[in-house]
Structure formats: C-alpha cells, structure tokens
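Hydrogens, waters and symmetry mates play no part in the numbers below; they use all other heavy atoms, side chains included. From a predicted model like this one, the values you see are computed outputs, not experimental measurements. Whatever order the structure lists them in is the order used to number ligands and atoms, beginning at 1.
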Amino acid sequence: MTGKRFSIPILLLAWACTFLSCDRDKDAAQAQGQPRTDTSTTGSKAATPPLTFPPDSGPPPTFDGNRSIEYVKEIVAFGPRPIGSANHKKVEDYITSHLKGDAVEDDTFTADTPEGKFPVHNIIAKFPGTKDGIIVIASHYDTNYPLRNTPYVGANDGGSSSALLLELANQMRGQKRDGYSVWLVWDDAEESVKPDTEVNFLSDSLYGIQHLADTWQADGTLKKIKAFLLADMIGDADLDIDRDQNSTPWLEDTVLEAATRLGYQSHFFARSNSMLDDHLPFVKRGVPSADLIDFTYGYHNVFWHTPQDTVDKLSPKSLDIVGCVILETVRLLDTK
Ligand SMILES: [Zn+2]
C-alpha cells in the first residue's frame, strides 16, 4: 500500500462523484486530506441495480491459508525487497519458481523515478477459461523504498497478498475453468520511492500497474477485462476489509455477496475508506475494480510502513477468508 491514502486527485474526485454518488461535503473533506471514516453508507452505494446471482451449483471454494502463510514467511525471509535490490530479484525468482508449468508472461520496463531509474518487473500468470473475458487478480510484491535500510519486510503490505496469489495459482492449476479467464498479476514498484510524507502520488507510485494498464489499453486487452480485483494488506489477524469509495460499487457488492455466502461477511465493509492503490489506473480507464484492503493494521494502522509489519501480526485464517471470498467472487462473476 502506497502513501497519502486519503487525498484524492481532483479529476478522480470528479469521476468518483459521477459514478459513486459522493456528496459534496465528503468530497470537500477528502480534498483537504481528512480521513474518511463514514460507516453509514455500508452496502448502500450501488450505482447499478442490485445484482442477483443464481445459487451456487457446487461446493464452496477451497484455499489453504496455512500453505499461504508459509509463503509469506518465505517471502519476508529474503529481507527488505525494494525495487532495484538483490532481494527484490530473489523474490521475483521465488514467485516465478512457483509458477512452473503455468502460462507466465513478463512485463518488464525501466521506471524513471525521483530516485533514479529502476528495473520494474510485473509477473502475470494466465489461467484460461471457457468464456470470453478476463478477471484480473493483482497484488504488488515490492517493499517501501525509503525503508530499505531498516528491518522493514512488509509481511502484510505486499507479502500477504503476494502469497495469497501464489495459493490462488495452486487452486487454479490443472483445473478446467468453466468461466472467464483468470490472470494473476504480481505487480511491481507500487510503493513510492519518496517517503509517505513527501509523496506526489500521481508521479511517484504505482509504476508497475500503471505501465500494465497503459500496455493493455494499447493492445486492446483492457476491453476484455470484466473485473479487476486487488488484494493488499489482507493478512491482518484482526481482519476488517474496508469498503473503498474509489472502487466500483457493484463489484464490491458482489464481493460482499460472496463473503455472505461463505459466512464471512462480518470481516467486510464495516468501515468505509477512500483508497489510493493499484486499482486506480484501472478505475480511471473504466474497468470495474475493487480494492480488498484492511487499512487498520494495528491501532490506528500503527504497523503500516514500519518494521513492525511482521508475520506474527498475521493469521492463516485471514488469508483463508480472503482467498475463499475472492474465489467465490470469481464464481459469481462467471455467472454473468
Ligand atoms: Zn505500502
């Protein structure tokens, strides 16, 4: 999760107000950088009529939270993994080593940042389906660059969701997908290279996913994407996924429907926030997008972007909940 999470670019605000039915008072508060903690809108912001889905036709999805948290431990064992570092390269290799036999593509380029040029490497694993269209599930895997000389390992921020995607790949591998194609994306250079307090959000963050959105817009892929699901900071043992005002309401409602079907709805959307995260390049291009993030990581988010972001704060159950809810969401989307 990158910095400056509560201030929103004006253009995005205008877009959001068109599609998310914001009121002007909330926009004004947001534009001034004030945290938004309004919980009164939970479940009521659908811009489209409520979606209805058929009953599930099979058993609930399966996920292995214990294996997933072992992946988290292995990722953080490499140490800090900021862009341009040797550890970063090790984690790239670690991720691709788990995708042997899968259809993997690379999106590699050089990012020009306020701290110089860095190689950036998005990793995409494609699981083909029978329906025409793509569901993208994404997570960044880099750690915060300004903390590169500290013990910061981003167990939750970047680690948990990257591990989650590795386990999603395990669940999909070898299975015939009777639905949309699913593309898993480990995107790179999400974090800003300047400290959170100095970040110009539009120019110093989301390097990898921005490049991927541009690439997919240019080659026509973007039009095929039915949904963009982002996972970020989803391993907290005290799991409370925020409803995000910048996400697409009907898609978040679909996530809530999935969570409710699995009995996990108490972990979703009790709070409302406005997240600046990897989904924004897709939101701005009109792709239905949902950011699944728990941005209260410790009291007042105290562990975020600190060396206290360690595996002991996480739970395999949280990974299991989010993994199953994402798979159930995909199953619901497959019916449309
Ligand atoms: Zn972060």
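The minimum distance between the Zn ion (ligand 1) and any N, O or S atom of Asp157 involves atom OD2. When you scan the N, O or S atoms of His305 for the one nearest the Zn ion (ligand 1), you land on NE2. Within Glu191, the N, O or S atom at minimum distance from the Zn ion (ligand 1) carries the name OE2.
Salt bridge status for Arg173 with Asp102: present, with a side-chain N to carboxylate O gap under 4.0 Å. Under the 4.0 Å criterion applied to side-chain N and carboxylate O atoms, Arg261 and Asp56 are assigned as salt-bridge partners.
Applying the ring pair (Phe, Tyr, Trp, His ring centres under 6.0 Å) test to pairs two or more places apart or on separate chains, those with a residue in residues 212-245 are Trp183-Trp216, Phe228-Phe282.
For Asp309 (side chain) and Asp157 (main-chain N/O), a donor-acceptor pair under 3.5 Å exists by modelled atom type.
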